[in-house]
Protein chains: 2
Amino acid sequence: MWPSGQIFCLKDVRFPTSVEQLGSDAMHTDPDYSAAYVVLETDCNLRGFGLTFTLGKGTEIVVCAVKALAGLVVGKCLREIVSDFRGFYRLLSSDSQMRWLGPEKGVIHLATAAVLNAVWDLWARAEGKPLWKLLVDMDPKQIVSCIDFRYITDALTEEEALGEIGLNPKSQEGKQQREHQMLMEGYPAYTTSCAWIGYSDQLLQQLCTDALRSGWTKFKVKVGADLEDDVRRCRLIRETIGPNNTMMIDANQRWDVAEAIEWVSRLAEFKPLWIEEPTSPDDILGHATISKASLFILCHNRVMFKQFLQAAALQFVQIDACRLGSVNENLAVLLMAHKFKVPVCPHAGGVGLCELMQHLILFDYICVSVSLSNRMCEFVDHLHEHFTSPVVIQNACYMPPKDPGYSCEMFESSVRRHQFPDGDVWRLDMKK
Amino acid sequence: MWPSGQIFCLKDVRFPTSVEQLGSDAMHTDPDYSAAYVVLETDCNLRGFGLTFTLGKGTEIVVCAVKALAGLVVGKCLREIVSDFRGFYRLLSSDSQMRWLGPEKGVIHLATAAVLNAVWDLWARAEGKPLWKLLVDMDPKQIVSCIDFRYITDALTEEEALGEIGLNPKSQEGKQQREHQMLMEGYPAYTTSCAWIGYSDQLLQQLCTDALRSGWTKFKVKVGADLEDDVRRCRLIRETIGPNNTMMIDANQRWDVAEAIEWVSRLAEFKPLWIEEPTSPDDILGHATISKASLFILCHNRVMFKQFLQAAALQFVQIDACRLGSVNENLAVLLMAHKFKVPVCPHAGGVGLCELMQHLILFDYICVSVSLSNRMCEFVDHLHEHFTSPVVIQNACYMPPKDPGYSCEMFESSVRRHQFPDGDVWRLDMKK
């Protein structure tokens, strides 16, 4: 039914965010928010838009990897892909020559996400629905058929996923009600826009004050470069937002295990809800040692999440639309998190991540977790103007998108202008 | 003293090994052994040769990543690099924009290894020594100064590395004697050349018989595609090599945890010394569950090895000259393995891995482990003819290389002929 596709457009798109220290943290001091941006086209002119998020330099490597994966996608029919999405996921993630480059991690996995995000966008557009609604309306068996259970069956089998966790008829009760609730109230968000590590104290205070006025109640603070600085900044923010609002801290993998324990005890007086990425994202056992504090971790694939859950080495699961293998692998993690009774709070921000993540977390609430307790989705207020269906925030909540697709189509003019290195923004060296 | 360098040559070199099923296993059914091959040049005409090993498709992605890293190397002076090699390692592995693409895993880490391998080769050539001898003669403090201890200080601190593990004056006793022993007898090897998964029973038997005649006593068998096949193949090989020779099995990440336990118990009757990569290399806890069997694992970085050691989830450590961040990160793993009293048996084969690995394992024996018990280095007898200083095997032992450098310079004619896609081998489509 859906004719064979091609890659219509594949671009290295970069935004010079480092100029204003947007996105700066203890490990990433000067990110230029960027994306490998993919447009798939079918021969009936339907297009699917996908991206993976990067930090600037090296985006061309991910673009090169998308090109290498394209050979596995182009010429395939959408109907054929989605009727065996698990097989298609494995085709991309386990190509017998290319899996050496991962497997399922780093550049090749980021590229896989870009391609699969475009396929999901195409599917949702073909059905005329926003992606979250496509998922919500989908038969649970079909949901589960999109997940590759390889390497996670010791934590979650296909039968468990289907029968026990959120997707059985019983837990479908109240689904319509939750969908209606989301359409009316939206999904709660927290803001990371106020406290990048490169911001001055004055700017921090100003941005927090403004955000409070706009209805924000949950704030994330970047820490980890200098302990005394962090104490001062955390105190300032806690004083500004008051004792009843929520504060989280994020060290962006800066510490070793012992350092993390010391640093986190010093910052405990500011009562953070969680500590995000205290050390290497590969260090499951290290996190288990640190985790007297409440930890919040982003891993590179479902096998890592499985172990963090098994070892009780995190207290909040942080999924990502691009770091993980698209919707398929995020579904696996949502279901495992629910089995292990750990709340999911997505990573967003960057460029396009807010647009993508809202879909997955809406599905999580309506069909899986059915709870908002200790749950919220990250929000960063930058670069949304480049998207044709940008996120809508009302009263510090994500309002469910209504346009068909996965919300990551960029304006052609934005792509043209920010294309690296030929777009006007870079050619004219506006950054300097 | 050493003038600024440049990248003289950067090539995607591929050998059509899949034609004869060389290297075939349960997950990699048709590898074309390949390399991203780097030549650094200084302006006094000294050259450093480095590579990272890949399986064919996607090598161009690694080449693209080496190009991206080149900006951090070109123009640097060798003296400057090696006087703060830890800092240089971190410069490459933790670039604030590019670390998003890893960190320290996948394509970007493979590319880092290629670049650093070339730097180590350059250093050894500048000193007029083979790399293993450069390491053996090096002041222990300088050895330790090459290691990035970030994320492993909870298992091994710099002081421990220096004072407790193999590098202190006491353990230096007998060093000359061990060096002499290696020069006379070589370092014991095992062979993987006899039992690729794509080989027929007849070929298996023939190759094992030939290898026995050449003095081989340790044999690795690829398993994991089909249990009944494996039983038959393992029985055949055990019968051919007899009860007193050593057999190991390698599943190349094929199984889930429960599957691995079942499969491994079935194959136990053939008395394998170890089971290699039964499941995902990311699954520390999974391996800990399986590890009633004796496991042998290759991880993507020192943080993963740290945890496998802490969790006693492996019984043999498998280092790799290209999967890990070159000599620097391999040194960290050698020292951790010694602290945890686990023998190291390197991964080799592919193209160039034997040439590289022999240097590291010679250093391990002479300066760190000082033991040959349960230790051996993998050997695969393919593609050595493309190197200017190929490995020398005598009586199933690696004889220490004597030429200056890290032994991974290829003949220009080999590079030209196998360059992808323009070399004669590919242009003339000799593969088909």
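Note that the structure is a prediction, hence the values are computed from the model and not measured.
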Between B/Asn252 and B/Lys222, does a side chain to side chain contact (heavy atoms under 4.5 Å, CB included) hold up when you go through it step by step?
CA-CA 8 Å; B/Asn252 289 89; B/Lys222 297 288 182 176; 3.2 Å; yes
Would you please test A/Glu276 and A/His347 for side-chain hydrogen bond (donor to acceptor under 3.5 Å, both in side chains) and show each step?
CA-CA 11 Å; A/Glu276 186 170 335; A/His347 176 241; 5.5 Å; no
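Heavy-atom pairs under 4.5 Å with chain A peak, among B/Ala111, B/Ala155, B/Ser96, at B/Ser96. Counting heavy-atom pairs closer than 4.5 Å to chain B, the top-ranked of the candidates A/Ile284, A/Thr289, A/Thr29 is A/Ile284. Across B/Glu60, B/Gln310, B/Arg99, the residue that shares the most heavy-atom pairs under 4.5 angstrom with chain A is B/Arg99. Top candidate by heavy-atom pairs under 4.5 Å with chain A, chosen from B/Ser280, B/Gly286, B/Ser34, is B/Ser280. Counting heavy-atom pairs under 4.5 Å between each of B/Val257, B/Leu110, B/Leu55, B/Thr59 and chain A puts B/Leu55 at the top. Taking chain A as the reference chain and counting heavy-atom pairs below 4.5 Å, the highest number among B/Val303, B/Asp282, B/Val107, B/Leu101 is found for B/Asp282.
At a 4.5 Å heavy-atom cutoff, the contact between B/Ala311 and chain A is made by backbone and side-chain atoms alike. Only the side chain of B/Lys306 comes within less than 4.5 Å of a heavy atom in chain A; its backbone stays farther off. If you measure heavy-atom distances from B/Leu69 to chain A, you find no contacts under 4.5 Å at all. Looking at B/Arg150, both its backbone and its side chain come within 4.5 Å of chain A, counting heavy atoms on both sides. Using a 4.5 Å cut-off between heavy atoms, B/His300 touches chain A through its side chain atoms alone. If you measure heavy-atom distances from A/Asp154 to chain B, the contacts under 4.5 Å come from the side chain alone. In this structure, the portion of A/Met304 lying under 4.5 Å from any heavy atom of chain B is its side chain and not its backbone. Contact annotation for A/Glu259: neither backbone nor side-chain heavy atoms come within less than 4.5 Å of a heavy atom of chain B. At a 4.5 Å heavy-atom cutoff, the contact between B/Val62 and chain A is made by side-chain atoms alone. For A/Ala65, the parts lying near chain B are the backbone and the side chain together; criterion is any non-hydrogen pair under 4.5 Å.
Taking the six-membered ring for Trp and the full ring otherwise, A/Phe53 and B/Trp100 have centroids separated by under 6.0 Å.
Counting non-hydrogen atoms of neighbouring residues, nucleotides and ligands closer than 6.0 angstrom, the CD atom of A/Glu158 exceeds 12 such neighbours.
The two residues A/Ala26 and A/Gly224 make their nearest non-hydrogen contact at CB-C, 3.7 Å.
Between B/His287 and B/Phe308, the ring-plane angle classifies as perpendicular under the 30° and 60° cut-offs. Note on ring orientation: taking the six-membered ring where Trp is involved, the planes of B/Tyr33 and B/Trp196 are perpendicular (angle over 60°, cut-offs 30° and 60°).
We find that A/Arg254 and A/Asp25 are not joined by a salt bridge, their nearest charged nitrogen and carboxylate oxygen being 4.0 Å or further apart. Classification of A/Arg14 and A/Asp32 as a salt-bridged pair fails, no side-chain N sitting under 4.0 Å from a carboxylate O.
Between the side chain of B/Asp95 and the backbone N or O of B/Met98 there is at least one donor-acceptor pair closer than 3.5 Å.
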